[in-house]
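Structure first, commentary second.
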Amino acid sequence: MDFSLTEDQRMMQESLSRTLAEAASLDRVRKFAGDPTDRGADVWAALTDFGLPGIVISEEYGGLGLTLLDAALMSEALGRAVAPVPFMGTVLAPLALRLAGSAEQQSKWLPKLASGEVTAAVAISEAVAGARDGAGVTASGGKLSGKALFVPGGLGADLLIVADTGGALHLVEGGAAGLTREIMTGIDLTRRMAELTFDKVAAEPLTGGKDVLARLRDAGWVLLAADTLGACDVMIEKAVAYAKERKQFGRVIGSFQAVKHLCAEMAAELEPCRSLVWYAGYAFDAAPDESSLVAAHAKAHLSEVSRFIARTSTEVHGGMGITDLLGLHFWFKRVGLNRQLLGGPERVRALAAQMQGLTA
Amino acid sequence: MDFSLTEDQRMMQESLSRTLAEAASLDRVRKFAGDPTDRGADVWAALTDFGLPGIVISEEYGGLGLTLLDAALMSEALGRAVAPVPFMGTVLAPLALRLAGSAEQQSKWLPKLASGEVTAAVAISEAVAGARDGAGVTASGGKLSGKALFVPGGLGADLLIVADTGGALHLVEGGAAGLTREIMTGIDLTRRMAELTFDKVAAEPLTGGKDVLARLRDAGWVLLAADTLGACDVMIEKAVAYAKERKQFGRVIGSFQAVKHLCAEMAAELEPCRSLVWYAGYAFDAAPDESSLVAAHAKAHLSEVSRFIARTSTEVHGGMGITDLLGLHFWFKRVGLNRQLLGGPERVRALAAQMQGLTA
Amino acid sequence: MDLRLTPDMESFRDEVRGFLVAHQDRYAPGAGADRPREAAMEWQALLIDNGYAARTIPQAYGGYGAQPDILKSRIIAEEFTAAGAPRGFANQGISMLVPTLLEVGSEEQKTRWISPTLRGETVWCQGYSEPGAGSDLANLQTKAVEDGEDFLISGQKIWTSTAAQADMIFCLVRTEPQAPKHDGISYILFPMTTPGIEVRPLKTMTGSAEFNEVFFTDVRVPQSAVVGGRGRGWFVANATLKHERGMLGDPNATEARFAALIDLMKSETVDGQRLIDNPVMADRLMALQARLMTMKFNGLRTLTASMTGESAGMAGMVVKLQGCELNHQIAALAIDALGELGVLYEDGPHLRAKGSWQRNYMFDLGLIIGGGTAQIQKNIISERGLGLPREPKLAVV
Amino acid sequence: MDLRLTPDMESFRDEVRGFLVAHQDRYAPGAGADRPREAAMEWQALLIDNGYAARTIPQAYGGYGAQPDILKSRIIAEEFTAAGAPRGFANQGISMLVPTLLEVGSEEQKTRWISPTLRGETVWCQGYSEPGAGSDLANLQTKAVEDGEDFLISGQKIWTSTAAQADMIFCLVRTEPQAPKHDGISYILFPMTTPGIEVRPLKTMTGSAEFNEVFFTDVRVPQSAVVGGRGRGWFVANATLKHERGMLGDPNATEARFAALIDLMKSETVDGQRLIDNPVMADRLMALQARLMTMKFNGLRTLTASMTGESAGMAGMVVKLQGCELNHQIAALAIDALGELGVLYEDGPHLRAKGSWQRNYMFDLGLIIGGGTAQIQKNIISERGLGLPREPKLAVV
C-alpha cells in the first residue's frame, strides 16, 4: 500500500517545471497570449526535447510508455506554468489510437506523434458536454459533415480524432478536403480552441464506440482536473506571498485574521484535492472499474474548488489581483476554461449519478 | 410611495413583544418544551386578551380586520419570542373561511375564532409540500379518509381545514367521529404538530379549489418567513451581545476580525430580508398578482439565510452556543422547522419557476 | 406600507414620459467615463434645462435648482430606463467633485467649476489611491511641498480612471508631513495638462485599461486650488466617498441583467434542451431572483427612509456588499449555463452578448474586492452597524 | 502509487477475518464514553490478547506490545467495520491519558494506571476547559494551593464528558499563580470520589447531556499525582491534544453515513417520486460524494506519510476542518431531502433512523464550532501550514 508519488514521478514533474520556467516564463506566456499568430513553436520544441509528446505512447512506437497518472502530473505542471500548450490532444489522441486504432493506424501515427513531428487534437465536446449552437458531426458513407466546437489545439493539429453524434470516433487528417478551421478565442488566451467545419470530409473509422469515447472523456477530465490543481497551487502561493509582503495600517496584511482565514480556507479546500487527482490518474490504468466515477468527481470538484480559490486569491491581492501587471488573471482564466471544457460541474455531477445507476 | 411600517404597526408589534415577554418568557417556553401535556393555555389567554386570534377576521365578526402584513408582523414577534403558539391556523383558517366559506360557515365559526374560544388548524402539507410516507386524504361522498401529517396546532384544534389530494378544501369539526390525532414531535419543541387520521370523517366542502389552496399556501409561506425573520434577528442580537462580553486572549472576542466579519455577514444577509418579508405581506392583499412569487421567494430565501445565521450565531457563541443553558438552540430549531414546513427551499424554488411559466 | 403614488407624482411621471417621447430623436448617450461628444453634451443641456439632470444643483451654478425629491428622482430613473433613454452624465466629476464643492468649496471654486462639469465641458479624474495606500488611504505619500504661492507635487496615484481623457484632477496630497496621518492631507484641484504629469494605462483582467497610474514630478499647483482648507483633505474626501457609495448597487441595472439571463436560459439550448429546463440551473436562477427582489425592496425601504429624513441604518450599509455580489453571481450563472460557450470572449459567430457576461463576472469581482472593499465593508458593518469594537491598537515592537 | 497490499498484509487481513468469524458470539460493544459492562470488558481483554486493541502498548503495562504498523492498524479497522464487530475501547483514558503517561509519566504512574485503563476497569474524564478558558486554554483559573504534601484544588471545569461515570480525572490546574500564563499549570490525576467534587450534567441542543460541569471546592490531592513535572502541564496537555486531533475525521464512519444517505434517497419518496430523482438533491449528493472521496484519498495519503515517517504536512492539518464539515453536510442533505419528515425528532411511526440525522446535524456542528474550533484550526493552518504571522501583540491600554 503506497499512496504517494514515486521518486521518478516527483523528479519528472520537477524537471518539467524547470523546463517550463525557461521555455514558458510568464513573459513568454504573455507574448503568446497577445499575439494570435504566435504558435508557440519554441515552447513545443522544448517540450518535445523533454519527451512530452510521447508520454503515454508505448516505447515500441518511440514514446515513454507512461500512465495517465504520469500524464496528469505533467498536466499539473503545465497548469502551474499556465503553459501555452495544447496538451489534451497530446494524450487523448494516442489513447484513442491505442484503444480503437488498427495496427496500421497505430504504426502510421504513433511514431510521429511521439516524436512531436505531428500534433493531434480531439473533437469530442458535443458528445461529452452536449451540443450547443447547432454543432454536431454526422458520419455517412465514410464522410463527416457538420461542426465541432471547442477543440483545444485544433487549429494547427495534423491529426484529428472526431466523435460523431452517435458517439463513434473517426480519424481525420489535418489536410483533408472540405475541412475548415476557425479560431475560437475564450478568456484563457494560453489555450486557443478551434471550430471545425466538415463538409463531406473523408474520415477513417476507429473501432469501438461509446466505451472508447468514455475512456477519452475520463482521461480528459483527469487532465483538466490536474491542470486546475496546478493552477490553484500557484494562486494560493501567490496570495500567501503577497499577504506576507503587502503592508496596510502598519502591518503586513497576512497578520489580519480575516486575510489569514481566507488563506487557510483556500489551503483546506485544495490540499485534499491533490489526493483525488492522483487517485483519478492512478485508477484510469490500475482500477478501470472506478475510473469514470473518480474522474468525474475530480473534474467537477476541482472546478468548484478552483472557482473559490480564484476568487479568494484575487480578494487577498486586493486591487492588484485584477491588474494585468501582476498576471494573476492568467491562472484565474485558466481554471475558468478548465471548468467548462468537457462539461461544467453540474453536467459532470449528473453524469456521475447516472454512471452509478443512482439516476436514469 | 411609502415603503415602511405605519406607526400603528410598529406599536402593535412592540406591544405584542411586551405581552410575550411576560406571557412567554424563555422560562415559560422551556417549561412548555419540556412537558408534552402543557397546552400553553395561559399564553393563549394572554394572546386572546391582546386580540391575536382575530387579527385577520373582519370587524363584523369581532376581529381586528387587519391585513396579512399585520399578521406577518405578529408572526415575526412570535418568532422573536420562540412563542409556543400555533399561529398558522389562527390566520389561515379564517382566510379559508373568508375565501371559500359559505355565509353560514362564516357566521358560525368566525366569531368564535375571533374571540379565541375555539382554535383552528390547517392540514395542507401534502397538497403543498408533497405527500410522504403514504399520507394523503381523499374525499368521497362528503367523507374524508386517509392521513394528513405535519399539522401545526392540529392536536387540540376545534376546527380543521383539510386539503384533499385533489386540492379541494374541507371543513372538519374537531370532535367528528372517525378522526384520530397523534402528536408528531420534531426538533422544535415550541410548536407541536399532529398526524390526523381520517376514517370516513364527515366534512363540509368549502367552495373554490386550487386557487384558494394557493392563497392559503402563500399566506403560510409569508407567516413562516416572518417567524424566521424574527428568530434570526434574535440570533444575531445574541451573537453580537456575546461577542461584546466574552473575553479570550485578553480581549473581547468581538474585537477579533474573524468574529466581527461573521457578525457583519449575518447582518448583511438578514437586513435586506426584512423588506422582502414586508413586501410579501403587503402584496398578499395589495398586489395579488405578485403575491405567490414573492411569498415563495420570501419563504425559500429566509430558509437559506436562517440556516446560515443559525450556524454562524452558534459559531460566534462557541461551545456555549450548543448548550441548553443559553437556549440559543430554541431559535436554531425554530428556523429549522420553518425551513421544512410547507416545503423546503428547493421545492419552493421549483414552484417559483413554474408559477412564472419558466418551467413546466 | 403603500406603494401607490400620489396624483401629483403620477402626473410628474406623465410629464417625464411626454418629454421622452417628444425628444426621442435627440437621445445621445454620454460616453460613461470618457469625454462626451457634442450630441451628448446637447442632450445633457436639454436634460438640465428640463430638470432631468443636475436637478438639485442651484441655478447659480448651472443646475436646475429644484428641491430634493427622491421620489421624483426615482420616477425619472424608472422612466428613462423604461424608454431606453440615456440618463444624464454620471462621471466622477458630477457624482463626487460637484457635491464636494457644494459642501465645502469656496464661492469662486463653485462658480468656476460646477457648471462646466455638469455640462461635460470639463472632465475630471480622481487622485486618491496610491500603491501603498489602498484600503489604508490615510497612509498616502504623494507630497505637496510649498514653493512660494504654489505647491510642488510629487508622487504616484493608481486606479485613476479617465486620467487620459480628463481635463482636471481632484487629488489628495500630503501638505503637512509632520502632522498626524489624518491631519496632513489636502484636497486639491489642478489641470492634467500641468507639466510633470505622466499617465500610464493600467490594464486589468478584463483586457481593457479601465484604470491608469498617474505619476507626478514637481507638478506646480497654486495653493489657492485647495478645497475645504489646507490639512482638511481627509475629511473632505470622506464626505466625497459617501457620495461614491451611493453610486453603486443600482437595482434597475441588476434587474435588467437578470432579465437578460432569463432570456438567455429560455432561448439557449444544449442537446436541444432549453437551459432553463435544467433543474439545477433553474434552482440557482430562482435563488438569485429572490436576492434580486430582496435588494429591490431594500432599495425602496432606504428610499422611503431618505424621503422622511431618517437614516436607513443597516439597510443602507449592506447595499454595496450585497449588490456587487449579486451582479457577480448573475454573471456566474450565465457563464455556467452557457457551458463551453460561456468562456468565449472575442468576436466570433458563437460569442454571446459581446462577451459581457465574462466581462461583468470579472469587473464585478473587481468591485467586490478592489482595495479590500468587502473586508472594509464588513468592518464598517460590524463597527458602525453592530457596535463591535474597532481593531485594538498594536503594541509597538 | 500502488494500492495493492503485500502478501504479508493480505495474510494478516485473513488472520483478522478468521479471528472475527471465530469469535462472533463474543462481540460486545463498549459503551462509548460510559462505563463498560462485563461482557464488553471480556471482549476488550480478548482483543488485547490478540493484538486488536492496545496493540502497541508495551506488555509490561498490559498492552499487546507490537511495533507500530499503521497499515496493520488500518486493516484491523477495515475488517472490524466490515464485520460489524465492536472495536476496542476508545475512551479518553485510552486515547489521551495513556499516550501521555507513556510519554511523560513516572514508572509508578504507568504501572498503576495504564493496564486498568486499557481493560476498562478504570474510567477517566478530562478536566481541561473552563468557562473562561476555552480556545484560550492557557487562561485557566482552577487553582491548586499547596497544603503540606497535598494540593487543595478549587475551581470549575466544563465540557467534561463521562464525569458522572468516571473513576478518575486527568486535570489541568494552576499550581504557580505567579508564573507566566503557560508556565504555572500542572497536569494532575485524582479520583472523582474525592470529597469536594460536584458534577452537574450539561445538556446540549441535541437534548442529551453529553457533557458536564465539574466544580471543585478544596479537593485534596497529593502532590505526587502530578504527571510530567510541576508547572509543565501546558506542554503535557498539548502533547495529549495532538492525540485527540488524530481521533477525529474517520473516513470509515463518514462513508457509512454517506451510504445510509444514498439508501434513504433511493427508498424514500415524495408524491411517489424517489428523492434521488430530484435533480437538485442528486446534485448535492454528488458534490458530497466528491468530498467524501477527497477525504478518503487524503486519508490514504496521510497514512502513507505516517508509514514512511514523513510529516503529512498540510494534508494532515486540514482533516479536522474538512471532516466534521462533511459529516454535517451529509446530515443536512438528509434532512433537506426528507423535507417535513426530516424535522421529526422523537419516537413515532414516521421517525427515520431514530432521529440520528438531526442529532448528527447538531452534534457535528458542535464539533465544528465547539470552543471556536474552526477559527482556531484556521489560525493553525495559516500560521503553521502557510507561515503567515501570528496575531500581533496588543498595546497595553
Side-chain angles (χ1 to χ4, degrees), chain A residues 1-6 9 67 69 236-237 239-240 243-244 251-252 254-257 259-283 286-287 293-294 296-298 300-302 304-305 345-346 348-353 356 358-360, chain D residues 1-6 9 71 74-75 262 265-266 274 276-277 279 282-287 289-305 307-308 310 313-319 321-322 325 374-375 377-383 385-392:
Chain A
M1 210 302 297
D2 177 11
F3 197 100
S4 68
L5 303 182
T6 63
Q9 286 170 324
T67 68
L69 173 57
I236 296 178
E237 287 164 15
V240 170
K244 286 178 182 171
R251 332 165 22 178
V252 295
S255 71
F256 286 102
Q257 209 182 17
V259 173
K260 285 165 74 170
H261 285 192
L262 290 179
C263 291
E265 285 161 15
M266 285 192 280
E269 282 288 298
L270 186 66
E271 196 52 40
C273 293
R274 202 175 307 283
S275 313
L276 180 64
V277 171
W278 288 358
Y279 188 79
Y282 170 79
L293 183 61
V294 69
H297 280 320
H301 187 57
L302 267 291
E304 302 291 21
V305 167
E346 297 82 3
V348 175
R349 282 194 293 268
L351 292 170
Q356 299 174 75
L358 294 174
T359 55
Chain D
M1 208 67 182
D2 185 351
L3 301 189
R4 287 167 307 178
L5 294 177
T6 59
M9 286 299 156
L71 201 48
R74 189 184 161 80
I75 290 170
I262 289 193
M265 289 178 66
K266 283 165 77 174
R274 298 186 313 160
I276 202 157
D277 291 328
D283 185 68
R284 275 175 68 183
L285 184 72
M286 289 300 96
Q289 191 177 44
R291 287 196 172 272
L292 178 67
M293 280 190 177
T294 304
M295 186 180 160
K296 180 175 158 185
F297 298 131
N298 188 60
L300 291 176
R301 181 173 160 217
T302 55
L303 176 69
T304 298
M307 283 164 59
T308 55
E310 286 171 54
M314 185 65 81
M317 275 181 217
V318 302
V319 169
L321 201 59
Q322 297 285 356
E325 183 64 37
Q375 304 284 323
Q377 210 66 19
K378 288 180 197 174
N379 286 346
I380 292 174
I381 292 169
S382 60
E383 290 167 16
L386 300 173
L388 288 168
R390 297 181 61 95
E391 188 74 19

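Protein chains get the first letters and strands the later ones, always in sequence-line order, with residue 1 at the start of each.
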Inset, instruction - State, to 0.1 Å, how close D:A290 and A:H301 come at their nearest heavy-atom pair, and which atoms those are. - result: CB-CB, 3.8 Å
Inset, instruction - Check whether D:R301 gets within reach of chain A through its side chain, its backbone, both or neither, counting any heavy atom under 4.5 Å. - result: both
Legend entry - Exercise: identify the closest heavy-atom pair between A:V240 and D:L386: CG1-O, 3.6 Å
Inset, instruction - May I ask you to test the D:R284-A:R349 pair for a side-chain heavy-atom distance under 4.5 Å? - result: no
Inset, instruction - Identify which part of A:A353 has an atom lying under 4.5 Å from any heavy atom of chain D, answering side chain, backbone, both or neither. - result: both
Inset, instruction - Below 4.5 Å from any heavy atom of chain A, which atoms of D:L71 appear? Answer side chain, backbone, both or neither. - result: side chain
Inset, instruction - Specify which of D:T294, D:I262, D:V318 makes the most heavy-atom pairs with chain A at under 4.5 Å. - result: D:T294
Legend entry - Heavy-atom pair of closest approach, residues D:G387 and A:K244: O-CE, 3.2 Å
Legend entry - D:L321 portion near chain A, given a 4.5 angstrom heavy-atom threshold: side chain
Legend entry - Under 4.5 Å from a heavy atom of chain A, the part of D:Q289 involved: both
Legend entry - From D:M307 atom CE to A:D2 atom CG, the distance as rounded to the nearest 0.5 Å: 7.0 Å
Legend entry - OG on A:S275 to NZ on D:K296, rounded to 0.5 Å: 12.5 Å
Legend entry - Separation of D:L388 CG from A:S255 OG (nearest 0.5 Å): 9.0 Å
Legend entry - Straight-line distance of A:L358 CG to D:L285 CG, nearest 0.5 Å: 6.5 Å
Legend entry - Closest-packed option against chain A by number of heavy-atom pairs under 4.5 Å, given D:M286, D:M1, D:K378: D:M1
Inset, instruction - Calculate, to the nearest 0.5 Å, the distance between atoms OG1 and CE belonging to D:T304 and A:M1 respectively. - result: 3.5 Å
Legend entry - Distance in Å, D:N298 CG paired with A:L276 CG, rounded so as to fall on 0.5 Å steps: 10.0 Å
Legend entry - chain A contact via D:R74 - side chain, backbone, both or neither, heavy atoms under 4.5 Å: neither
Legend entry - Portion of A:E265 that has a non-hydrogen atom of chain D nearer than 4.5 angstrom: side chain
Legend entry - Leading residue by heavy atom contact count with chain D [cutoff under 4.5 Å; candidates A:C263, A:A352, A:S4]: A:S4
Inset, instruction - Measure across A:A268 and D:Q322 and return the closest heavy-atom pair with its distance rounded to 0.1 Å. - result: O-NE2, 2.5 Å
Legend entry - Evaluation steps, side-chain contact (heavy atoms from CB on, under 4.5 Å), between A:V277 and D:F297: CA-CA 9 Å; A:V277 171; D:F297 298 131; over 6 Å; no
Legend entry - Toward chain D, the part of A:A267 with a non-hydrogen atom under 4.5 Å: both
Legend entry - A:L262, part contacting chain D, at a heavy-atom distance under 4.5 Å: neither
Inset, instruction - Go through D:D277, D:D283, D:L5 and name the one with the most non-hydrogen pairs under 4.5 angstrom from chain A. - result: D:D283
Legend entry - Choice from A:I236, A:L270, A:V294, A:T67 maximising heavy atom contacts with chain D below 4.5 Å: A:V294
Legend entry - Max heavy-atom pair count under 4.5 Å with chain D, selected residue of A:P272, A:A300, A:A296, A:A287: A:P272
Inset, instruction - For residues A:F3 and D:L3, report the shortest heavy-atom separation together with the two atoms involved. - result: CD1-CD2, 3.6 Å
Inset, instruction - Using a strict cut-off of less than 4.0 Å between a Lys/Arg side-chain nitrogen and an Asp/Glu carboxylate oxygen, indicate whether D:R291 and A:E269 qualify as a salt bridge. - result: yes
Inset, instruction - Can you see which heavy atom on A:G254 is nearest to which on D:P389, and at what distance? - result: O-CD, 3.5 Å
Legend entry - Pick from D:T302, D:I381, D:L300 with the largest number of heavy-atom pairs that fall under 4.5 Å of chain A: D:L300
